[in-house]
Number of protein chains: 2
Amino acid sequence: MKITINDIAKMANVSKGTVSRVINNKPEGVSEETRRRILKIIDEVGYVPNSNARSITVSETKTIGLIIPDVSNPFFAELARGVEDCSSEYGYTVFLCNSDMNIEKQKNYLNALLEKRVDGIILNTSGDFNDKKFRDKFYKINIPVVLIDRKTQDLERYKGVFIDNIEAGYKATKYLISGKNENIAYLAGTYGIDTTMKRLEGYKKALTEASIELKPDYIVYGEYSIKSGYERTLSLMKGHREIQAIFAGSDIIAIGAIKALKDMNILVPDEVEVVGIDDISISNLISPSLTTVAQPIYEIGYKASEKLINFINNKSDYEDEFLPTKLVIRNSTRRRT
Amino acid sequence: MKITINDIAKMANVSKGTVSRVINNKPEGVSEETRRRILKIIDEVGYVPNSNARSITVSETKTIGLIIPDVSNPFFAELARGVEDCSSEYGYTVFLCNSDMNIEKQKNYLNALLEKRVDGIILNTSGDFNDKKFRDKFYKINIPVVLIDRKTQDLERYKGVFIDNIEAGYKATKYLISGKNENIAYLAGTYGIDTTMKRLEGYKKALTEASIELKPDYIVYGEYSIKSGYERTLSLMKGHREIQAIFAGSDIIAIGAIKALKDMNILVPDEVEVVGIDDISISNLISPSLTTVAQPIYEIGYKASEKLINFINNKSDYEDEFLPTKLVIRNSTRRRT
DNA sequence: CAAAGTTAGTAAACCGGTTTAGCTGCTAAG
DNA sequence: CTTAGCAGCTAAACCGGTTTACTAACTTTG
């Protein structure tokens with residue numbers, strides 16, 4: 001028996017239109033006296049307007065959807081925090097969705113978000129749409145979307161907030177080269193994903209520039225997880241003891257790699273150097289602390305949300321944005337002289 | 001120019017009631033043939049029903065709110081993942097809210113969630129309501145709430161999913177005692193919070209049981225953060241070099257403590273042992289790896305969501321639930337013989 | 001003082017759905 | 001053959017809001 005705007009109207013002996021004006025702080029059409037009277041009643045009976053009812057006429061929900069692979073991954077947790085902070089500052093509430101890099105799950109979430117009529121979506125995509133009909137439908141609906149961290153061929157039409165991944169891969173690899181390493185592996189994340197491939201490009205660029213031969217064996221794909229980093233490192237090092245340095249596709253992977261190296265009694269950084277990408281907060285806590293190409297993770301989330309909200313309200317243009325990265329030198333690499 | 005149920009009805013030459021039945025898979029009142037025809041049209045034009053419109057008549061939104069202090073804290077990230085997983089399995093979508101332990105923020109989020117007519121709320125409370133009027137209003141609305149991890153006097157009426165914090169504190173302290181330590185500090189989290197005080201009880205119980213004198217100086221309150229753990233450890237150890245072991249109120253605090261001890265050149269575990277509570281995933285990655293009283297964090301989140309959803313649908317009773325903890329022995333404590 | 005303008009408010013239409021009462025035409029039962 | 005029952009559907013009311021067109025009363029202006 002929820003209390004509605006009609007109840008308030010009756011109690012105050014006014015029409016519900018008048019109550020509506022008071023609720024929405026519309027200045028016209030209500031005298032100060034009745035306004036106060038209505039507000040008092042609202043306060044007394046504890047009336048809470050139903051924003052869903054509102055949303056169907058004003059066609060906005062002040063709600064956005066955030067789709068990421070997994071909040072329990074520190075990188076995405078930090079991203080999510082940035083998104084949520086900005087969103088709430090602008091009066092938006094955010095739906096959290098964990099896609100697990102599963103395209104089917106992502107589709108289900110997108111559908112749910114569309115049904116809930118979110119005003120926009122921030123998407124860390126799990127790859128191309130496999131369901132073309134769904135893609136067409138999705139495109140047709142034309143909901144504002146801002147990509148985050150990763151691009152996808154299929155979603156070319158959408159802009160987003162990223163880092164320059166080529167540069168990031170380049171920086172990491174170049175730093176390893178500066179340590180007089182020649183046999184440098186790229187312990188990559190998921191094959192085919194934008195970030196993975198761009199970082200590869202940077203890796204190649206740095207090697208080429210230094211006239212170091214590119215060895216296909218040194219490039220190993222896996223997933224963006226500790227486990228994957230651990231396992232691939234074991235098998236990689238088993239076959240290639242000559243490797244002197246590992247450029248890990250993310251800090252999470254690097255953490256797995258370091259663990260594997262420890263288990264194999266290979267000293268980090270003395271025997272093998274490791275560099276990651278991301279600079280998640282634990283990277284400074286593990287031992288040895290991780291040298292990494294830092295992304296402004298929180299800011300990426302924050303800016304993505306801001307970009308989305310501006311776009312929703314047509315306040316601004318809608319372009320790709322690339323935030324700067326920075327090499328953070330810690331103890332998984334040797335001192336350079 | 002969104003397409004609505006009316007448009008579909010017109011296209012199919014039926015009333016919108018019929019379309020509604022088809023959308024909701026109601027078996028009665030529509031022939032197989034028209035059902036197929038309508039579904040085909042829906043598919044072709046890419047119609048997505050508006051669940052907000054739906055929600056105002058069926059008075060449920062299939063939406064729940066999750067309020068936690070901070071997703072970027074690994075403990076809460078894991079919790080959130082558990083909540084979201086369960087919720088999505090049951091067809092619910094979850095709003096993520098970061099309260100930052102700020103009671104005012106929490107109030108604003110609660111208000112927003114009420115306006116959005118969430119079906120229920122999972123709350124890691126940020127303390128008692130300071131606004132009594134709001135509390136009364138909130139109570140009156142009588143929305144299902146499940147507490148998680150922490151209780152509060154004010155919210156006694158609500159049940160939730162927890163661990164036995166007295167036992168957890170007891171286990172941790174007892175294990176430190178078993179290492180022949182007598183000067184054991186409790187590096188607590190926020191003063192007054194349920195978990196903090198219950199763990200204190202456990203700490204006291206273990207000391208009393210072992211006939212170790214309780215020294216007020218050895219109990220230090222702070223916050224549940226690395227920074228706080230770090231700072232309090234520095235000042236604690238400066239004044240009390242005789243301390244042999246630290247029971248940290250959480251893993252996050254323990255991580256800060258270990259960092260501080262390192263900076264003071266105090267060896268862990270040789271000179272000072274450290275035990276935490278939580279077993280967040282990094283606890284196994286830091287060095288030395290952390291001995292800790294493990295909580296089933298993900299399960300707490302998952303069960304809380306399940307409890308809430310069952311309660312929403314009146315399927316089950318609604319009682320407190322305490323999940324088991326387990327001492328995980330790693331390298332921040334010495335080998336016991 | 002009349003005309004015009006402003007203010008405060010109402011009633012009704014509308015948003016996009018669900019649900020109920022009732023109608024039509026057919027089949028099965030008595 | 002009548003009647004009851006049912007399947008298939010429609011029209012209209014309803015959910016809880018917003019918005020628009022309109023009116024009545026009062027104020028300002030020339």
Side-chain angles (χ1 to χ4, degrees), chain A residues 1-39 41-42 45-63 111-112 114-119 141 143, chain B residues 1-39 41-42 45-63 111-112 114-119 141 143:
Chain A
M1 223 52 3
K2 253 318 180 82
I3 177 161
T4 74
I5 199 173
N6 285 298
D7 303 324
I8 302 294
K10 267 174 215 157
M11 292 177 193
N13 270 315
V14 293
S15 72
K16 57 182 196 167
T18 305
V19 178
S20 175
R21 281 185 198 124
V22 171
I23 294 169
N24 295 292
N25 274 313
K26 300 249 168 99
E28 351 76 45
V30 183
S31 72
E32 261 320 295
E33 192 246 313
T34 41
R35 183 181 301 272
R36 253 195 294 276
R37 184 159 47 91
I38 293 172
L39 282 175
I41 292 172
I42 287 177
V45 301
Y47 165 65
V48 179
N50 184 332
S51 72
N52 297 312
R54 175 167 206 276
S55 79
I56 88 175
T57 58
V58 302
S59 55
E60 68 164 17
T61 54
K62 289 283 180 186
T63 286
N111 255 322
L114 290 178
E115 289 189 357
K116 302 224 152 124
R117 295 293 191 269
V118 294
D119 295 333
I141 286 168
I143 185 170
Chain B
M1 223 48 9
K2 259 292 177 102
I3 176 161
T4 75
I5 198 173
N6 285 298
D7 302 324
I8 302 293
K10 268 175 213 155
M11 292 176 194
N13 268 314
V14 294
S15 74
K16 57 183 196 167
T18 305
V19 178
S20 175
R21 279 183 201 123
V22 171
I23 293 169
N24 295 292
N25 274 313
K26 300 249 166 101
E28 351 77 44
V30 40
S31 72
E32 262 319 298
E33 193 247 312
T34 39
R35 184 181 300 272
R36 253 195 295 275
R37 184 160 48 91
I38 292 172
L39 282 175
I41 292 171
I42 287 176
V45 303
Y47 164 65
V48 179
N50 184 331
S51 72
N52 296 312
R54 175 166 206 275
S55 79
I56 88 175
T57 61
V58 301
S59 56
E60 68 164 16
T61 53
K62 289 284 180 184
T63 287
N111 255 323
L114 291 178
E115 290 189 356
K116 304 223 152 125
R117 294 294 190 269
V118 294
D119 295 334
I141 286 170
I143 185 171

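Letters A, B, ... are given to chains in the order of the sequence lines, protein chains preceding strands, and every chain is numbered from 1. Every value quoted in this text rests on a predicted model; they were computed, and no experiment measured them.
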Applying salt bridge (charged side-chain N to carboxylate O under 4.0 Å, His left out) as the test, list every pair that has at least one member in residues 49-63 of chain B; sequence neighbours left out.
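Non-adjacent pairs meeting salt bridge (charged side-chain N to carboxylate O under 4.0 Å, His left out): zero.
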What pairs with [X] under side-chain contact (heavy atoms from CB on, under 4.5 Å), at least two apart in sequence or on another chain?
{"X": "Glu33(A)", "result": "Ser31(A), Arg37(A)"}
{"X": "Thr57(A)", "result": "none"}
{"X": "Glu32(A)", "result": "Arg35(A), Arg36(A)"}
{"X": "Ser55(A)", "result": "Thr61(A), Asn52(B)"}

So Ile38(B) and Ile41(B), side chain to side chain contact (heavy atoms under 4.5 Å, CB included) or not? Walk me through it.
CA-CA 5 Å; Ile38(B) 292 172; Ile41(B) 292 171; 5.7 Å; no
Starting at the 5' end of nucleotides 4-13 of chain C, put B wherever the base has a protein heavy atom under 4.0 Å, S where only the sugar-phosphate does, and a dash everywhere else.
----BBB---
Could you state the [atom1]-[atom2] distance from [X] to [N], rounded to the nearest angstrom?
{"X": "Ile38(B)", "N": "dG8(D)", "atom1": "CD1", "atom2": "C1'", "value": "11 Å"}
{"X": "Asn25(B)", "N": "dG17(C)", "atom1": "CG", "atom2": "C1'", "value": "16 Å"}
{"X": "Ile23(B)", "N": "dG16(C)", "atom1": "CD1", "atom2": "C1'", "value": "10 Å"}
{"X": "Asn24(B)", "N": "dG16(C)", "atom1": "CG", "atom2": "C1'", "value": "13 Å"}
{"X": "Ile3(A)", "N": "dG16(D)", "atom1": "CD1", "atom2": "P", "value": "11 Å"}
{"X": "Ile8(A)", "N": "dG17(D)", "atom1": "CD1", "atom2": "P", "value": "9 Å"}
{"X": "Lys10(B)", "N": "dG16(C)", "atom1": "NZ", "atom2": "P", "value": "11 Å"}

I need the Leu39(B) CG to Ile8(B) CD1 distance, nearest 0.5 Å.
10.0 Å
For dT19(C) and Lys26(B) - does any side-chain N or O of the residue sit under 4.0 Å from the phosphate oxygens OP1/OP2?
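For Lys26(B), the contact criterion (side-chain N or O under 4.0 Å from OP1 or OP2 of dT19(C)) is met.
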Between Asn6(A) and dG17(D), is there a contact of a side-chain N or O with OP1 or OP2 at under 4.0 Å?
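Checking dG17(D) against Asn6(A), no side-chain N or O comes under 4.0 Å of OP1 or OP2.
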Just to be sure I understand the geometry, which residues of residues 48-61 of chain B put a non-hydrogen atom under 4.0 Å away from DNA chain D?
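Nucleic-acid contacts, sorted: Ile56(B), Thr57(B).
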Looking just at side-chain N and O atoms, do Thr63(A) and Lys116(A) make a donor-acceptor pair shorter than 3.5 Å?
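There is no such pair between these side chains.
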With sequence neighbours left out, what residues match Asn6(A) under side chain to side chain donor-acceptor pair (under 3.5 Å)?
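Residues passing side chain to side chain donor-acceptor pair (under 3.5 Å) with Asn6(A): none at all.
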What nucleic acid atoms does Ser20(B) come within less than 4.0 Å of, heavy atoms only: base, sugar-phosphate, or nothing?
base
Taking distance alone, no hydrogens or angles, what donor-acceptor pairs closer than 3.5 Å link side-chain atoms of residues 14-23 of chain A to residues at least two apart or in another chain?
unit_1: Ser15(A); atom_1: OG; unit_2: Thr18(A); atom_2: OG1; d: 3.3

Of the non-hydrogen atoms in Ile141(B) and Val48(A), which two are nearest, and what is the gap between them?
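It is CD1-CG2, 3.5 Å.
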The bend of the helix from dC1(C)-dG30(D) to dG30(C)-dC1(D), taken between the axes of its five terminal pairs at each end and rounded to 10°, is 40°
